[in-house]
J.: 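Take a look at the following structure, please.
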Amino acid sequence: MEDKDEDTDTFDPNLPEEGPSAPPPGWLDSVTGYEEHTGGDGTDQICPPPPDFVPKPENDKNASVPNVMVPTVSEDVARDALLQFVGKKWTYSSKPAKNLIFKELKPFTVYRYRLETFTESRSSAWESEPHTGQCVDGPQNGVSPPPWNIQVSYPPKFTNAVQKVRVPHSSFLKPCHRCHGNGKVRCTHCRGRGLTRCMFCHGSGHSRNRRCTTCHGRGRKRCVSCHGKGYKGCLTCNGYRNLVHFIQLTVTWKNQVFEFITNREPEFPLKKFEKVSGEAFFVDENLLVYPIEGFPDQDICDASKGAIQNHLLKYSAVSRILQQRQTIELVPLTHVYYAYSGKDYDYFVFGRENKVHTTKYPSSCSIL
């Protein structure tokens, strides 16, 4: 049997059309200390730290670095490293690695400088949730504390983390702006009628001079979007009609890292160093660190000075510097020259892991 209600127009003139997804200007109340929040679109407002939260560097202060010995790689270590490398390449034979004749092992002094600046930034934005009966902590309970006075749980130093906190006493109750407090909105697909024009007969009720079998000749079909009701539940308030608006503070901790590595061997690609570790012989950690001076490699001194100045200027304006750490690593790099079958070849052994980089290897197409 055909559904007799299928032709029934369910249009309700009292049901509102769907409102904006964000509260319109002027909809939200002003909260003391957060007056810059004029809209409720969820846009974050950066909260720069107060002046007393910004550390001040001491003038003419610097850091000194101890002397360090350049590590060397023995022939046995160089051969083992090449054998491990060859073992992962199915097109390479291990025979040359086992029988090569070393000509020279040339170590290079490669330093990696790293500056880490651990920062905390705070931003705030309006958020909302359906009011399901929960308590509303509003201005009647006191004045909202400033962004940087709100207590949070700190993560370990030099780790990235984000924490969201509801600003105390910033909440208040409002009718849902999307459904105007009705809990439901007019269906936009059928414009609140509960019926839509049949797509097969284009509303005529006939197709090819016959009664349309899809709409049974009515020219209209029950709206699939609202199931013929003419309305939909409000997705913003979930049908609860009211929203609790509040200011949410977002606290972001980030480890800002600058790295510089000295280029002492043009034939070796510096990007390879990113995958290996070195021997850290200098670690300087404090609220603020100071430029390295007197180090034998002037490039490291210049990198330290420039990076520290840049981090201080870049991050102090919008965030709070909690801690800095600068390190210098000695990254092993040895250029190995060898001969095999009367021809000269070479490769690099690098990093504490003794990784190998080579662009040419004898008998590269032979089968193991």
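Owing to the predicted nature of the structure, the values given are computational and were not obtained by experimental measurement.
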J.: So which heavy atom on Gly278 is nearest to which on Arg112, and how close?
T.: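 Taking Gly278 first and Arg112 second, the nearest heavy atoms are N-NH2, 3.6 Å.
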J.: Where do Pro55 and Leu287 come nearest, in terms of heavy atoms and distance?
T.: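 Smallest interatomic distance, heavy atoms only, reads CB-CD2, 3.8 Å.
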J.: Is there a donor-acceptor contact under 3.5 Å linking the side chains of Lys221 and Thr214?
T.: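 There is no such pair (donor and acceptor under 3.5 Å, judged by atom type) between the side chains of Lys221 and Thr214.
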J.: Parallel under 30°, tilted from 30 to 60°, perpendicular over 60°: which one fits the rings of Phe281 and Phe295?
T.: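 Answer is parallel, since the angle falls under 30°.
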J.: Determine whether the aromatic ring centres of Phe268 and Phe350 lie less than 6.0 Å apart.
T.: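 Centroid separation for Phe268 and Phe350: below 6.0 Å.
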J.: Looking just at side-chain N and O atoms, do His311 and Thr117 make a donor-acceptor pair shorter than 3.5 Å?
T.: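 Side-chain D/A pair, His311 to Thr117: present.
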J.: Within a 6.0 Å radius of atom NZ on Lys305, are there more than 12 heavy atoms belonging to other residues, nucleotides or ligands?
T.: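 No, not enclosed.
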J.: Check whether the side chains of Asp80 and Gln84 place a donor and an acceptor atom closer than 3.5 Å, and report yes or no.
T.: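 Looking only at side-chain atoms, Gln84 and Asp80 do not form any donor-acceptor pair under 3.5 Å.
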J.: Is the ring centre of Tyr347 less than 6.0 Å from the ring centre of Tyr338?
T.: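 Judged by ring-centre distance (under 6.0 Å), Tyr347 and Tyr338 do meet the cut-off.
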J.: Do the charged groups of Asp284 and Arg325 touch, with an N to O distance under 4.0 Å?
T.: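 Salt bridge between Asp284 and Arg325, a charged N being under 4.0 Å from a carboxylate O: no.
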J.: Suppose we call two aromatic rings close when their centres sit under 6.0 Å apart. Are Tyr111 and Phe260 close by that rule?
T.: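 No, they do not, as the ring centres are separated by 6.0 Å or more.
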J.: Minimum heavy-atom separation for Ser304 and Pro291, please, with both atom names.
T.: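 Answer, listing the atom of Ser304 first, then Pro291: OG-CA, 3.5 Å.
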J.: What do the steps show when you test Leu100 against Tyr345 for side-chain contact (heavy atoms from CB on, under 4.5 Å), and what is the final call?
T.: CA-CA 10 Å; Leu100 61 83; Tyr345 299 91; over 6 Å; no
J.: Does a side-chain N-to-carboxylate-O contact under 4.0 Å join Glu116 and Lys254?
T.: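 No.
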J.: When the aromatic ring centroids of His131 and Tyr240 are compared, is their separation below 6.0 Å?
T.: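 Distance test on ring centres: not under 6.0 Å, no.
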J.: Ring of Phe118, cation from Lys157 - is the NZ or CZ under 6.0 Å from the centre and inside 45° of the axis?
T.: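 Ring-cation test returns no.
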J.: With a cut-off of under 6.0 Å to the ring centre and 45° to the axis, is Arg166 in cation-pi contact with Phe246?
T.: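 Pair Arg166/Phe246 counts as cation-pi.
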J.: Is there a salt bridge (Lys or Arg N to Asp or Glu O under 4.0 Å) between Lys272 and Glu274 once you walk through the steps?
T.: CA-CA 5 Å; Lys272 294 283 184 180; Glu274 295 177 2; over 6 Å; no
J.: Determine whether the side chains of Glu329 and Thr327 contain a donor N or O and an acceptor N or O closer than 3.5 Å.
T.: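 The answer is no; no qualifying pair exists.
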J.: Do Tyr113 and Gln326 meet the criterion of a side-chain donor-acceptor pair at a distance under 3.5 Å?
T.: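 The criterion, which ignores hydrogens and geometry beyond distance, is satisfied for Gln326 and Tyr113.
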J.: Is a salt bridge present between Lys103 and Asp346, judged by a nitrogen-to-oxygen distance below 4.0 Å?
T.: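 The answer is no: the pair does not qualify as a salt bridge.
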J.: Are Arg320 and Trp148 in a cation-pi contact, defined as NZ or CZ under 6.0 Å from the six-membered ring centre and within 45° of the axis?
T.: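 Checked: cation-pi criterion not met.
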